[in-house]
Amino acid sequence: MDLFTPDFGLIFWMFVSFAVLFLILWKFAWPAIIKTVDSRADLIDKGVEYAQSAKQQLDNASMEAKKYIAEAQRQQAEMLREADKMKTRIIEDARAAAQKEAQKVMDAAKVSIEQSRKEAEQSFRDQVSGYALDIAQKVVRNQLADSKAQSALVGQLLDEIESKN
């Protein structure tokens, strides 16, 4: 059993070596370990803060993106309404211009028709008066063939001229 029960000297030297080792570790290794653990904790805290900041920035960017998208959609709707108004106005302007042009064409056609009618009437009058003169000339020639009829006609014309004055 001596194998399992240690001597007092062995325990004493083990305790002394443990104490020396503990003092060396406490003096030199423990501050380095604590410093490393603290720096690691600071690094983790900074990482957490950075992650929270990044999440906050992402949320802000997402909200701004939604605002920009909403603004773009509003502008798009406004542009579409404006384009529809412009389309309607252009159609109305074109319709009004076409009506004015049609009225001008109709007025020009009426003037042209009226002018053609007057020209036709004048031509007809000229032809009728030409025929009337030809007929009158032939009738007068027949009636004025003898000299007595000529003298009577001249007398009648002179009487009409005197009665007018």
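All residue numbers refer to positions in the sequence shown, counting from 1. Since this is a predicted model, take the numbers as computed values, not measurements.
With hydrogens and angles disregarded, no donor-acceptor distance shorter than 3.5 Å links the side chain of Ser53 to the backbone of Glu49. Counting only distance, with no hydrogens or angles, the side chain of Ser62 and the backbone of Leu58 share no donor-acceptor pair below 3.5 Å. Between the side chain of Ser112 and the main chain of Ala108, no donor-acceptor pair closer than 3.5 Å is present.
One hydrophobic cluster holds both Phe28 and Val20 under the rule that ILVMFWY side chains link at heavy-atom gaps under 4.5 Å.
Here the CZ atom belonging to Arg95 is positioned 10.5 Å from the CG atom belonging to Asp93, to the nearest 0.5 angstrom. The structure places CG of Asp38 at 10.0 Å from CG of Asp45, a figure rounded to the nearest 0.5 Å. Between the CG atom in Asp42 and the CZ atom in Arg40 there is a gap of 11.5 Å [rounded to 0.5 Å]. Once rounded to the nearest 0.5 Å, the distance linking CE of Met106 with CD1 of Ile113 reads 9.5 Å. Note that CG of Asn60 and CD of Gln57 are 7.5 Å apart. Values are rounded to the nearest 0.5 Å.
With sequence neighbours left out, the side-chain hydrogen bond (donor to acceptor under 3.5 Å, both in side chains) criterion links Arg81 to Glu78. Under the side-chain hydrogen bond (donor to acceptor under 3.5 Å, both in side chains) criterion, Gln103 pairs with Asp107, sequence neighbours left out. Partners of Glu71 according to the side-chain hydrogen bond (donor to acceptor under 3.5 Å, both in side chains) rule, which considers only residues two or more places apart in sequence or in another chain, are Arg74, Gln75.
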inquiry  = Evaluate Lys67 against Glu64 for salt bridge (charged side-chain N to carboxylate O under 4.0 Å, His left out), listing each step before the verdict.
reply    = CA-CA 5 Å; Lys67 287 179 186 177; Glu64 283 187 39; over 6 Å; no
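Other residues sharing the hydrophobic cluster of Phe18, ordered by chain and number and joined by side-chain separations under 4.5 Å: none, the residue standing alone. Here Met14 is tied into one hydrophobic group with Leu10, each link being a pair of ILVMFWY side chains closer than 4.5 Å. Ile33 forms part of a hydrophobic cluster together with Val37, judged by ILVMFWY side-chain heavy-atom separations under 4.5 Å.
Environment of CZ in Arg117: crowded, with over 12 heavy atoms of neighbouring residues, nucleotides or ligands closer than 6.0 Å.
Using a 4.0 Å cut-off between charged side-chain N and carboxylate O, Lys118 and Glu121 make no salt bridge. A salt bridge is defined here as a Lys NZ or Arg NE, NH1 or NH2 lying under 4.0 Å from an Asp or Glu carboxylate O, and Lys55 with Asp59 meets this definition.
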